[in-house]
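The figures that follow rest on heavy atoms only: side chains count, while hydrogens, waters and symmetry mates do not.
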Amino acid sequence: MSTTTAPWWRHAVTYQVYVRSFADSDGDGVGDLPGITSRLPYLRDLGVDALWITPFYTSPQRDHGYDVADYTDVDPLFGSLADADALIATAHDVGLRVVVDLVPNHTSSEHAWFRAALASPPGSPERARYIFRDGTGPDGAEPPNNWRSVFGGLAWTRVPDGQWYLHLFDTSQPDLDWRNPEVGDLFESVLRFWLDRGVDGFRVDVAHGLVKEEGLRDQVVPEGEEPASGIDFTEAARDRPPRDEPMWDQPEVHDIYRRWHRVLADYPGDRMTVAEAWTQTPESMARYVRSDEMSQAFNFSWLLAPWSARAFAGVVRRTLAELAEVDAAPTWVLSNHDVVRHATRYGGGPVGIARARAATLAMLALPGSAYLYQGEELGLEDVDVPEELRQDPSWLRTHTHWRDGCRVPIPWAGDAPPYCFGPGTGQPWLPQPLDWADRTVAAQEQDPDSTLAFYKTALAARREHALDATEEVELLDAGDDVLSFTRGLLTVVLNAGPDAVELPAGEVVVASGELEGRLLPTDTAVWLAQTG
């Protein structure tokens, strides 16, 4: 039983709910807020502390809610403000905190502000809320600089009067100009709107992107290379050398979060923020979690690490060292709605699932907080969604990168799609595989060896053995193929090598797979409790 007095978020396990794909209450094939509310007992029984819900605000859904047209209302696709209030209240009743997604880098092109900007002339106050600029070259026919969109193609679109507007994502997501005081005032009001309704925190989308380098100069790229967006959702990002990024991680962004910190301090209950900041170094990530800024920042170094004991150890060492400088708690995450699920990244099939369980068990023993992505507790892998059914705007712009595979709706029960995802009988908004009958929640609840059973056991063990343990971690020298560390009376061992290894002394608390006596098989992790 935990006796910690630290803010709740410092050691929480938060479960990410991708709203479209968690639970459908009305049979239209798309998840919604009442659906989430109906499944809150499942999350309570799983053993998590909070849920983070992806955007459910009014939106044309060009980027599935990350294109917001009204930050203070609920899109009818997902329910109503009354449904949001009911979800928050019910979550609190069952002991869960609620974190909502905030999208401050850009709005939808259907936001009232952007519609007013298009209807107003160059130089007007309406356009000053966004980043409109004259073009270059003859008649301004070339974009203002060489920046590229994260979703592929130019980061600029020309409007009929000849000016261009910046969109680091889709053309339907114009970037706000955070140097304009009106923008900051708008988002303070948005924060207070949801804090007044009882939310416990905010996950901040593209937290490193709000302020661009003044002057909007060209990105400098090596000779022979093309400009790049600066965000890479693939494992290749871990080996990428630092590059010039005038569109990301500017010093002025920290002034915004100091203001937000003061806003949250006006409310009781340790309200929090967590930054989605794809920074280039752990040092840069640590700047977002200084004592007067954000509560947390996602540790993408852990997510991007390959299946390697040496790589995991390096991430742990660097993360803890950098965050100690600012007295911040680390976060650990292996999957989310933007990346290939870690069971697939680690090889897929039984090997990928075994490795995913092992990495998760090691992660849950580390100090700080952990974030889980819906479906990983079921051992779900990425789905090869047919091209004609893909809806990711990145795919629609480039036909190369797509994220739909990790967003396929959750299977709850039954032998065929939609696996009780909702009351409907057909496939949901993204098709589910025909062979998921053994991956459903109902099937796994009957199997003591299932991935779901493992997650429940591991989360219970975390509460019992790790939550109150010292935050000091000692990495042990166990060879290139074995990650081993101690934390208080816990010893954690992960075997990423080809052969079984002998376990050190200690009583087995939890293992990610079946042990062979005192041997730890390959692709397996274990917690050992020291009694002396």
Exercise. Salt bridge between Arg217 and Asp244, side-chain N to carboxylate O under 4.0 Å?
Worked result: yes
For this session: Answer yes or no: is there a side-chain heavy-atom contact under 4.5 Å between Ser120 and Phe132?
Result: no
For this session: Answer with yes or no after comparing the ring centroid distance for Tyr66 and His337 against a 6.0 Å cut-off, counting only values under it.
Result: yes
Exercise. For the atom pair CD (Glu377) and OG1 (Thr451), what is the distance rounded to the nearest 0.5 Å?
Worked result: 9.5 Å
Exercise. Which atom names give the shortest non-hydrogen contact between Gln296 and Trp9, and what distance separates them?
Worked result: NE2-O, 2.8 Å
Exercise. What are the two closest heavy atoms between Leu77 and Asp32, and how far apart are they?
Worked result: O-CB, 4.0 Å
For this session: Would you please say whether a donor-acceptor pair under 3.5 Å links the side chains of Thr54 and Asp101?
Result: no
Problem set entry | Close side-chain approach of Phe22 and Leu43, heavy atoms under 4.5 Å | yes
Problem set entry | Donor on one side chain, acceptor on other, Asp392 and Ser394, under 3.5 Å | no
Exercise. In Å, rounded to the nearest 0.5 Å, how long is the span from CG of Asp134 to CZ of Arg158?
Worked result: 9.0 Å
Problem set entry | Closest approach of Ala297 to Tyr288 (non-hydrogen atoms, all atoms of both residues) | CB-CB, 4.5 Å
For this session: Apply side-chain contact (heavy atoms from CB on, under 4.5 Å) to Arg407 and Asp338, showing your working.
Result: CA-CA 9 Å; Arg407 301 175 173 184; Asp338 283 328; 3.2 Å; yes
For this session: Run the salt-bridge test on Asp85 and Arg197 with the 4.0 Å N-O cut-off and return the result as yes or no.
Result: yes
Problem set entry | Whether Glu376 side chain and Thr360 backbone form a donor-acceptor pair below 3.5 Å | no
Exercise. Is the shortest heavy-atom distance from the side chain of His111 to the side chain of Val68 under 4.5 Å?
Worked result: no
Exercise. Crowded around Arg62 CZ? As in, over 12 foreign heavy atoms under 6.0 Å?
Worked result: no
Problem set entry | Stepwise salt bridge (charged side-chain N to carboxylate O under 4.0 Å, His left out) check, Arg127 with Asp161 | CA-CA 12 Å; Arg127 288 210 174 175; Asp161 61 32; 2.4 Å; yes
For this session: Look up atom CD in Glu445 and atom NZ in Lys456, then write down how far apart they are to the nearest 0.5 Å.
Result: 4.5 Å
For this session: Cation-pi check, Arg397 to Phe151: give yes when NZ or CZ is under 6.0 Å from the six-membered ring centre and within 45° of the ring axis, no otherwise.
Result: no
Exercise. Is Glu188 salt-bridged to Arg262, going by a charged N under 4.0 Å from an acidic O?
Worked result: no
Exercise. Just one of Asn146, Asn145, Thr171 clears the side chain to side chain donor-acceptor pair (under 3.5 Å) bar with Trp156, so which one?
Worked result: Asn145
Exercise. Side chains of Trp178 and Asp255: closer than 4.5 Å at any heavy-atom pair?
Worked result: no
For this session: If the plane angle is over 60° it's perpendicular, under 30° parallel, otherwise tilted; pick one for Trp412 and Tyr42.
Result: perpendicular
Exercise. Side-chain contact, heavy-atom cut-off 4.5 Å: Asn105 with Asp205?
Worked result: no
Exercise. Under a 4.5 Å cut-off applied to non-hydrogen side-chain atoms, are Pro411 and Leu380 in contact?
Worked result: yes
Exercise. Is there side-chain contact between Leu87 and Ile53, with at least one heavy-atom pair below 4.5 Å?
Worked result: yes
Exercise. Hey, mind stepping through Glu293 and Arg287 against side-chain contact (heavy atoms from CB on, under 4.5 Å) and telling me if it holds?
Worked result: CA-CA 8 Å; Glu293 294 191 40; Arg287 286 196 288 269; 5.7 Å; no
For this session: Determine whether the side chains of Tyr267 and Asp196 contain a donor N or O and an acceptor N or O closer than 3.5 Å.
Result: yes
Exercise. Asn299: what forms a side-chain hydrogen bond (donor to acceptor under 3.5 Å, both in side chains) with it, not counting sequence neighbours?
Worked result: Thr319
Problem set entry | Aromatic ring pairing Tyr419/Trp436, orientation class (parallel under 30°, perpendicular over 60°, tilted between) | tilted
Problem set entry | Polar side chain donor-acceptor pair, Trp429 to Asp28, under 3.5 angstrom | no
Problem set entry | Gln16 side chain to Arg203 side chain, donor-acceptor N/O pair below 3.5 angstrom | no
Exercise. How many angstroms lie between CD in Gln219 and CD in Glu213, if you round to the nearest 0.5 Å?
Worked result: 11.0 Å
Seminar exercise, completed: So CE of Met272 and OG of Ser369: to nearest 0.5 Å the spacing works out to 7.0 Å
Exercise. Would you say the ring centroid of Phe56 lies under 6.0 angstrom from that of Trp194?
Worked result: yes
Problem set entry | Exercise: do Arg20 and Gln61 side chains pair donor with acceptor under 3.5 Å | yes
Problem set entry | Flag, side chain of Tyr257 to backbone of Ala207, donor-acceptor distance under 3.5 Å | yes
Problem set entry | Heavy-atom side-chain proximity of Val99 to Val199 below 4.5 angstrom | no
Problem set entry | Ring centres under 6.0 angstrom apart (Tyr71, Phe193) | no
Exercise. Rounded to the nearest 0.5 Å, how far apart are OG of Ser149 and CG of Leu168?
Worked result: 7.0 Å
Exercise. Between the side chains of Asp93 and Thr90, does any donor sit under 3.5 Å from an acceptor?
Worked result: no
For this session: Ignoring hydrogens and angles, state whether a donor on the side chain of Asp75 or Ser59 is under 3.5 Å from an acceptor on the partner side chain.
Result: no
Problem set entry | Listed once per pair and sorted, the ring pair (Phe, Tyr, Trp, His ring centres under 6.0 Å) pairs that draw on residues 90-109, sequence neighbours left out | His106-Phe169
